[in-house]
Novice: 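Here it is: the structure, laid out below.
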Amino acid sequence: MTAAITLDGVGKRYRLTNDEGLLVKRVLAVGLGRRRRTDLWALRDISFSCAEGDTLGVIGRNGSGKTTLLQLLAGVSAPTVGRVRVVGTIAPLIGVGVGFNPELTGRENVFANGQILGMTKHRIARELEEIVAFSEIEAFLDVPVKFYSSGMFLRLAFAVAIHVRPEVMLVDEVLAVGDLAFQIKCLDRMAELQAAGATIVVVTHNMPTLHRMCRRTIVLDHGVVAFDGLTDEAISIYHDILHLEGAQRNAFDIPESDDGRSVPFVGGATVTCEVIDDSGLPTRVTKSGDALRIRVRVSFDAPVSNPVVGLSVELQGLGSVYMAHLQPGDYRGEHGPDAPLEAVAELENPLLAGSFHVVAVVLDDGHHELGRSTSELFAVTSAAGASGLVNLGARFTIDGRELLPRQLRLTT
Amino acid sequence: MSATFDLDGDRPPSTPVLDLRGEITPVSALLADLWRRRGLILMLADKEFHSRYRSATFGVLWSVLLPLVQGAVMAVVFTHVVHISVGHGDSYPIYVMVGTVMWAYFSGTLTSGSTSLVDQGAIAGKVYFPRLILPAVSAVSNLPSFVISVLVTLGLMPLFGAAFKPQLLLLPVAMVLFGVLAVAISAICSVAHVYFRDVRYIVQAALMLLLYAAPVIYSLDQPHGILRTLITADPISGPLQLAHYAVFGHAPSLVSALCATGVALVLLTVVTVAAYRRYERIACDRL
């Protein structure tokens, strides 16, 4: 495999001056000897390479040099020292909607934006239908973009960017676009690009996304490479850097739910499972701390006695954070084609912000799996400032006084 | 590379390679990228042209009307209020119209071109394309209204008793020369503007002065001595005199004015190449 990206001893220095970029002031400041210049090395001695077709993750705190790195790879900026070499057509998914003009229609903007990102007119014309279908704005294609909702705007912009199909793709936190369903669509599309052999560099704060997309991840800290290796380790080191060991990190060690299929599968039941609100209607958003209600409905192809229901709450892309099931015999009842089963589980919800889904499983009393179903993704939201994966509800006692801490604020 | 990318046949025959050692962008890379992405100029110009006039009811009419109105006002003022004659029995209204329409194109292109890099910072800071494309886009997007204004002026000629001469065929050359001059100057200004944000105002002030430092509203026959030499040496005088020559069949100091323009263009090209070699990629650090 040849290297698509090679960085060799790369350093990037920004010069900050106090003359506010006015010629008149600069002349005066230099003349009066009042000119001050501060050097800021955003990146220092960065060396790594990335083979064609590989996906490389980049994580680090704000100001660690991630954006500068992407700018260098995109050719927008140049290194102060060292060498940057990128082979192949490059397209940044950095600026979603770059060059979108509010006065122009969606169609016109697709053509303009696509060409800025390096597509030819012919290819855009050929793929227009697909781009539009992906963005779900068919009806508004010939309406000026200024009348779009922000969601429509972002979807269209992202649809264009993701159809550029470059050889080297630079992705910066763009997967935070649109609603959950759209995000999933985007992730699927990225997976297609990976499969098609694109070299991808992903900068993200979203660990599940990182985990899902990259085997290898670089951790940047204060402009230097703090770690370069397997994503799991990278995430762990990143959290060390954040001084946030513990709960968050352990979440990634929980095995994937699919591995847990330890009982033989016999089939014969159709399962649906959804998160519902107080009034029993399906919902996609729940608040941290409020009870989480999950409804499981099962229809059977043949008579079944004493079925067993279990469920697993899974963090998007990572696996189960909680599993529970009844024991055979806990519930006794006869079911069959004319007698479906409905079960509602009420869970405490100490989860903090994140995207989750539920997997429901139905077994017969002999521990054979009759069927399973995965719910739609739902989001857990929590009060501003809350962080981490699970609310452990710490209380401090100082001098006999009990104090409730504010949730620690993450620097993301 | 994977076959998937080859399917649509749009891949450039040679795989582009970004290879940067230090801040300098090699001139060969500059030119290669410029050639590879040349299609962007027309596309961006088209987009700018459309978005500029879309919400105005009369659209592009305004861009044609404004220089013509300015020319008409000048024609009235300088024939009826202050008397200026360009001699040779040439129609002064046509003379000033030609000058004003040319000037409007030059100054319009320079005004938008010299701030183009900062104005387009949102794009330029995220996607790489040769930065020289931006000033060129200003020149091209002003072209349609420029051509229409020129045609309207030509249409007015018979009304003022000016006959069409075979030299008129040189008018497009003068127009192109204005475009090239405006691009070269705004290319340098647009980089300087990134570092010195008062370049915008310096350009505006300079344009006000330059209007009177070139034979737009007067003839080159009128100033004398050192003043005439200076005005002839003004790079803008070359294409202006060429335009006057095309319309009237004669223009004083045409050759020396064109030589001055030629020398200026060579110098501007050298400075532009040097500036973009140095600042092509690091200018965006300041956006």
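Keep in mind that the numbers below use all heavy atoms, side chains included, and drop hydrogens, waters and symmetry copies. Each chain gets a letter, A, B and so on, in the order its sequence line appears, and its residues count up from 1.
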Novice: Quick check on the interface: out of B:Ala283, B:Ala192, B:Cys284, B:Gly125, who has the most heavy-atom pairs with chain A under 4.5 Å?
Specialist: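 Looking at each option in turn, the highest pair count goes to B:Gly125.
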Novice: Verify, without hydrogens or angle tests, whether B:His50 (side chain) and B:Asp46 (backbone) share a donor-acceptor contact under 3.5 angstrom.
Specialist: yes
Novice: Is any residue of residues 75-83 of chain A within less than 4.5 Å of chain B by heavy atoms, and which ones?
Specialist: A:Gly75, A:Val76, A:Ser77, A:Ala78, A:Pro79, A:Thr80, A:Gly82, A:Arg83
Novice: Would you verify whether the NZ or CZ of A:Arg44 falls within 45 degrees of the ring axis of A:Trp41 while also being under 6.0 Å from that six-membered ring's centre?
Specialist: no
Novice: Could you check which of A:Glu108, A:Gln115, A:Lys12 has the highest count of heavy-atom pairs closer than 4.5 Å to chain B?
Specialist: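 Highest number of heavy-atom pairs under 4.5 Å: A:Gln115.
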Novice: Can you spot which of A:Tyr148, A:Phe153, A:Phe158 makes a ring pair (Phe, Tyr, Trp, His ring centres under 6.0 Å) with A:Phe100?
Specialist: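 So, applying the ring pair (Phe, Tyr, Trp, His ring centres under 6.0 Å) to A:Phe100 and each of A:Tyr148, A:Phe153, A:Phe158, only A:Phe153 qualifies.
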Novice: A:Val203 and side chain to side chain contact (heavy atoms under 4.5 Å, CB included): which single residue from A:Val171, A:Ile218, A:Val58, A:Leu56 fits?
Specialist: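 The option that passes is A:Val58.
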Novice: Can A:Arg13 and B:Asp285 be counted as an ion pair, charged N to O under 4.0 angstrom?
Specialist: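 Salt bridge: no.
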Novice: Check each atom of A:Ile90 against the heavy atoms of chain B and say whether the ones under 4.5 Å are side chain, backbone, both or neither.
Specialist: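 The answer is the side chain of A:Ile90.
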Novice: Does any backbone or side-chain atom of B:Ile202 lie under 4.5 Å from a heavy atom of chain A? Answer side chain, backbone, both or neither.
Specialist: side chain
Novice: Can you check salt bridge (charged side-chain N to carboxylate O under 4.0 Å, His left out) on A:Arg189 and A:Glu130, steps first, answer last?
Specialist: CA-CA 12 Å; A:Arg189 175 77 192 180; A:Glu130 198 186 321; 3.4 Å; yes
Novice: Just checking, any donor-acceptor pair under 3.5 angstrom between side chains of A:Glu52 and A:Thr199?
Specialist: no
Novice: Against chain A, work out which of B:Val17, B:Thr25, B:Leu20, B:Ile123 has the most heavy-atom pairs shorter than 4.5 Å and name it.
Specialist: B:Leu20
Novice: Under 3.5 Å, which donor-acceptor pairs link side chains of residues 127-144 of chain B to any protein atom two or more places apart or in another chain?
Specialist:
| from | atom 1 | to | atom 2 | distance (Å) |
| --- | --- | --- | --- | --- |
| B:Tyr128 | OH | B:Glu280 | OE2 | 2.5 |
| B:Arg131 | NH1 | B:Phe129 | O | 2.9 |
| B:Arg131 | NH2 | B:Ala124 | O | 2.4 |
| B:Ser138 | OG | B:Ser112 | OG | 3.4 |
| B:Ser138 | OG | B:Gly113 | N | 3.3 |
| B:Ser141 | OG | B:Arg52 | NH2 | 2.9 |
| B:Ser141 | OG | B:Val137 | O | 3.2 |
| B:Ser141 | OG | B:Ser138 | O | 3.2 |
| B:Asn142 | OD1 | B:Arg52 | NH1 | 2.9 |
| B:Asn142 | ND2 | B:Thr109 | OG1 | 3.3 |
| B:Asn142 | ND2 | B:Ser138 | O | 3.1 |

